[in-house]
Visitor: 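Below: one structure in structure tokens.
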Amino acid sequence: MNIDKDNVAEYVHTRQLLSLPPDGSCTVEELGGGFLNTVLRVSAGDRSVVVKQALDALRLFPDLKVTTDRIVFETEGLRVLDGLFPAGTVPSVLHFDDTHRILVMSDLGKRPSLETDLEQGHVDLAVADKLGGFLSTLHRQTWDDPALRERFDNEAMQGLRYEYCFYFVEDPELNRVARRLAETFTEAKQALLHGDFWTASVIAAEDRVHTFDLEFVNYGHPAQDAGFILAHYLLHAYNNPRIADGIFDAADRIWNAYAGGMGGQLPEDTETTALRQAGLEMLFRIDGINQVDYITDDGVKTRIRKAARPMMLDDGIAVAGLRHV
């Protein structure tokens, strides 16, 4: 079965996941707008749940088949993180239908994502500290764990990412770096990663970080998570000069909180590798198949390409020096 707006209320009601009033009234809202899944919020009275079904093909490219095993990994990832962090940090798993690849989760609420906050020009340095702290806690507490390494070998989704998000670069020098980066991430299995830790997968509220969308969860190199969140902050710096100084300060705070939280566990090359990942992700989001919709100006895209190049090529660059790139 495929869930949709017409049948999702019955699906959750018959499985006793959400009680409907006697007249059966409820509201159904599409979430995410992603091209890999159907995601719906079902609300009845003051309660709501989120229902997610993994599709077997990309919406933009229906001939390209994608494994639905990713929602199995996501379900397991949510369970692990739910045990590592305070309740409500990630959605709790309420029900998993393996046959139809449907996940029903608690609802984090109708609050704006961090991406929306940044698009509106709001930069909160305390949030940056919390992001770095969240990542360091996740990576430190799952470091070098053989059971997790075997459990989260999400190879198919990582392969999909490499094919479409790494190898798209046409510049020969940058392409070589991207391919070496993919090799590094394939070989290094050091900690449990969120796998898609960017600003649209984060809500900053109640003095802490909340996060979701874990279908790329995998056991890998910590620089991948750090590079992702840095990239999506930096995109806003180049798109909106008014908040650029605040963004660069936030990037410093993210990295310092993360590195400080990791302490001696942080591999020596992590900062350089994270910046290579950040530069590549910035290029992907303006030149790849899944571009951010808030950057449309060609001049902004040129500035981003100019900044991303040294991030990928200069071994001596540091997060603290990004504002001068």
Side-chain angles (χ1 to χ4, degrees), residues 1-82 87-113 115-116 152 154 156-158 160-161 164 194-198 200-203 210-218 289-290 293:
M1 78 173 282
N2 290 328
I3 58 165
D4 56 34
K5 280 189 166 185
D6 295 326
N7 63 19
V8 68
E10 181 182 4
Y11 182 89
V12 297
H13 179 65
T14 57
R15 288 160 180 79
Q16 300 182 333
L17 301 169
L18 185 68
S19 297
L20 303 183
D23 63 1
S25 61
C26 66
T27 59
V28 178
E29 177 186 358
E30 291 186 17
L31 299 178
F35 63 130
L36 282 171
N37 311 287
T38 297
V39 187
L40 302 168
R41 172 187 284 127
V42 188
S43 304
D46 60 354
R47 292 198 62 238
S48 59
V49 296
V50 174
V51 184
K52 182 173 185 176
Q53 183 174 36
L55 305 175
D56 64 1
L58 300 178
R59 293 187 196 276
L60 297 179
F61 305 96
D63 293 334
L64 176 61
K65 298 301 179 182
V66 186
T67 178
T68 59
D69 288 347
R70 65 187 187 276
I71 204 165
V72 179
F73 285 105
E74 177 169 12
T75 301
E76 291 304 303
L78 287 172
R79 287 172 171 153
V80 170
L81 267 66
D82 209 13
T89 299
V90 297
S92 296
V93 175
L94 304 177
H95 173 76
F96 181 60
D97 179 346
D98 192 26
T99 301
H100 300 108
R101 298 297 164 103
I102 297 173
L103 168 62
V104 184
M105 303 167 279
S106 62
D107 187 4
L108 293 180
K110 296 182 178 181
R111 297 174 289 193
S113 70
E115 179 79 332
T116 298
F152 288 97
N154 195 357
M157 291 304 286
Q158 280 292 86
L160 182 73
R161 165 167 282 156
Y164 290 95
H194 180 292
D196 202 19
F197 194 62
W198 67 297
S201 298
V202 172
I203 295 170
H210 308 261
T211 189
F212 48 95
D213 279 353
L214 269 69
E215 61 195 4
F216 282 91
V217 63
N218 70 95
I289 63 171
N290 190 16
D293 57 12

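The structure displayed is predicted, hence computed values, not measured ones. Heavy atoms only: backbone and side chains are in, while hydrogens, waters and symmetry mates are out.
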Visitor: Assess the residue pair Phe96 and Ile71 against the criterion (side chain to side chain contact (heavy atoms under 4.5 Å, CB included)); give the C-alpha distance rounded to whole Å, side-chain angles, the decisive distance to 0.1 Å, and a yes or no.
Guide: CA-CA 9 Å; Phe96 181 60; Ile71 204 165; 3.8 Å; yes
Visitor: Does any part of the side chain of Asp107, heavy atoms only, come nearer than 4.5 Å to the side chain of Arg41, both counted from C-beta?
Guide: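 Counting from C-beta outward, Arg41 and Asp107 do come under 4.5 Å.
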Visitor: So, the side chain of Asp4 versus the backbone of Asp6: is there a donor-acceptor pair under 3.5 Å, distance only?
Guide: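 The answer is yes, because a donor-acceptor pair under 3.5 Å joins these two groups.
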Visitor: Which heavy atom of Thr38 sits nearest to which heavy atom of Ile3, and what is that distance?
Guide: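 Heavy atoms of Thr38 and Ile3 come nearest at CG2-O, 4.0 Å.
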Visitor: Tell me, do Leu40 and Glu30 make a side-chain contact under 4.5 Å, heavy atoms counted?
Guide: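 A side-chain contact exists here, since the closest heavy-atom pair is under 4.5 Å.
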Visitor: So Phe152 and Val80, do their side chains get closer than 4.5 Å, heavy atoms only?
Guide: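 Sidechains of Phe152 and Val80: in contact.
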Visitor: Kindly write out the residues that satisfy salt bridge (charged side-chain N to carboxylate O under 4.0 Å, His left out) with Arg15, not counting sequence neighbours, or none if the list is empty.
Guide: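 Listed in chain order: nothing, the list is empty.
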Visitor: With Phe212, which of Val90, Leu78, Ile203, Val50 fulfils side chain to side chain contact (heavy atoms under 4.5 Å, CB included)?
Guide: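 For Phe212, the side chain to side chain contact (heavy atoms under 4.5 Å, CB included) test succeeds with only one of Val90, Leu78, Ile203, Val50, which is Ile203.
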Visitor: Is the closest side-chain heavy-atom distance between Arg101 and Asp56 below 4.5 Å?
Guide: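 Of all side-chain heavy-atom pairs linking Asp56 with Arg101, none is under 4.5 Å.
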Visitor: Please determine whether side chain to side chain contact (heavy atoms under 4.5 Å, CB included) holds for the pair Asn37 and Gln53, giving the CA-CA distance in whole Å, both sets of side-chain angles, and the decisive distance to 0.1 Å.
Guide: CA-CA 6 Å; Asn37 311 287; Gln53 183 174 36; over 6 Å; no
Visitor: Got Arg47 and Leu18 here, is their nearest side-chain heavy-atom distance under 4.5 Å?
Guide: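 SC-SC contact between Arg47 and Leu18 confirmed.
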Visitor: For a side chain to side chain donor-acceptor pair (under 3.5 Å) check, start with the C-alpha distance between His194 and Ser201, then their side-chain angles and the critical distance, and finish with the verdict.
Guide: CA-CA 10 Å; His194 180 292; Ser201 298; 5.1 Å; no
Visitor: List the atom of Val42, the atom of Cys26, and the distance in Å for their closest heavy-atom pair.
Guide: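 In terms of heavy atoms, the two residues are closest at CG1-SG, 4.3 Å.
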